[in-house]
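Read through the structure below, which is laid out as structure tokens, and then see the notes.
Quick caveat, the model's predicted, so the values are computed rather than measured. In listed order, ligands and their atoms are each counted from 1.
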Amino acid sequence: MTRDPIADLRRIAFLLERANEATYRVRAFRSAANKLAALPKTEVAERARAGKLTELSGVGDVTARCVAESLAGEEPVYLRRLLATEGSDLDAEATKLRTALRGDCHTHSDWSDGGSPIEEMALAAVELGHEYLVLTDHSPRLRVARGLTADRLRQQLDYVARLNEALPEGFRILTGIEVDILADGSLDQEEELLARLDVVVGSVHSGLNDDRARMTRRMLTAIANPHLDILGHCTGRMVSSRPAGVTGPGDRGHRARIRAESDFDADAVFAACVEHDTAVEINSRPERQDPPKRLIRRALEAGCRFAINTDAHAPGQLDWQRFGCERAARCGVPADRVVNTWTAEDLIAWTRR
Ligand SMILES: [Zn+2]
Ligand SMILES: [Zn+2]
């Protein structure tokens with residue numbers, strides 16, 4: 001069966017637009033469609049075969065891939081994902097995901113740069129109906145965020161063990177860390193501690209402008225580390241927009257500032273996440289919205305697991321999971337790919353794998 005790649009690109013643009021996606025994304029597909037429509041069909045096919053579509057201005061990796069799939073007679077994966085979520089009630093899908101979540105795997109307390117004591121975070125999580133809260137304060141090198149030294153983390157582990165005895169039945173604080181992925185891809189905490197923790201989230205917080213090859217290597221090294229369970233906010237981007245109803249960042253150090261995505265080979269990174277069974281975080285913070293939806297779709301297609309986390313620095317922010325759920329629902333992420341839909345026991349069994 002033959003398909004018309006230009007019609008497919010226009011269809012994608014239309015669906016993105018209807019779904020109220022960012023204008024630049026819509027424009028990317030539409031301008032690629034126009035560019036290709038102006039060329040002879042045979043040239044488009046030849047370029048697709050030779051992998052030379054992206055040499056045309058206005059044709060990027062994503063659009064080129066769609067064209068190649070279309071010319072091969074397949075429905076482009078990107079289009080298929082959009083069609084799969086089209087017409088479904090996104091609110092209902094997002095609500096279903098949110099309801100399926102049993103906990104949050106990325107949160108901070110006043111031990112690092114959060115604004116509240118651990119017990120307040122825990123009580124808010126109980127109120128939200130969570131079964132667990134993973135406490136992931138920062139690691140030592142992130143001094144601006146008062147990252148925990150090995151000694152302080154040991155103290156925190158003792159403290160959490162005592163707190164857990166006093167918390168309501170059916171709820172517990174799981175131990176964890178948001179560990180910095182250092183320049184060489186190693187993790188910024190003692191091996192023995194990383195092995196002890198229930199959940200290890202690893203994030204890049206420095207050298208965000210590393211060139212593509214270096215950043216990719218760095219992330220691949222971290223993902224191959226058996227202690228890493230979840231790859232936090234993988235692009236490091238900061239967007240300025242906030243959903244209605246969110247009036248401010250609510251915590252110091254997280255003031256919205258615009259920062260471009262880090263550059264890395266997403267296909268290689270997501271393939272490594274599948275290979276090492278590392279979950280990709282969908283970070284719910286309004287100023288992060290990380291990864292962007294096109295990358296969530298790619299990770300989903302690659303076969304990755306996800307964790308829909310708030311990265312809360314204050315109790316009220318624990319309710320931001322719905323933002324992550326909306327983004328996940330738009331990309332068609334099913335609940336069974338999301339590790340924090342699991343019970344604490346299953347989650348720990350997975351991180352100890
Ligand atoms: Zn972070
Ligand atoms: Zn964080």
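One of the N, O or S atoms belonging to His106 lies under 2.8 Å away from the Zn ion (ligand 2). Counting backbone and side-chain atoms alike, His138 contributes no N/O/S atom closer than 2.8 Å to the Zn ion (ligand 1). Coordination check, Glu178 versus the Zn ion (ligand 1): passed, since an N/O/S atom of the residue sits under 2.8 Å. At a threshold of 2.8 Å, the Zn ion (ligand 2) has a backbone or side-chain N, O or S atom of His108 nearer than that distance.
Asp311 has its closest N, O or S atom to the Zn ion (ligand 2) at the position named OD1. Closest approach between the Zn ion (ligand 1) and any N/O/S atom of His205 involves NE2.
A cation-pi contact, defined as under 6.0 Å to the ring centre and within 45° of the axis, is absent between Arg65 and Tyr78.
Side-chain atoms of Gln317 and His108 include no donor-acceptor pair closer than 3.5 Å. There is a side-chain donor-acceptor pair under 3.5 Å between Asp113 and His313. Side chains of Asn283 and Arg237: a donor-acceptor N/O pair is absent below 3.5 angstrom, by distance only.
Using bins of under 30°, 30° to 60° and over 60° for the plane-to-plane angle, the ring pair His205/His138 lands in the perpendicular bin.
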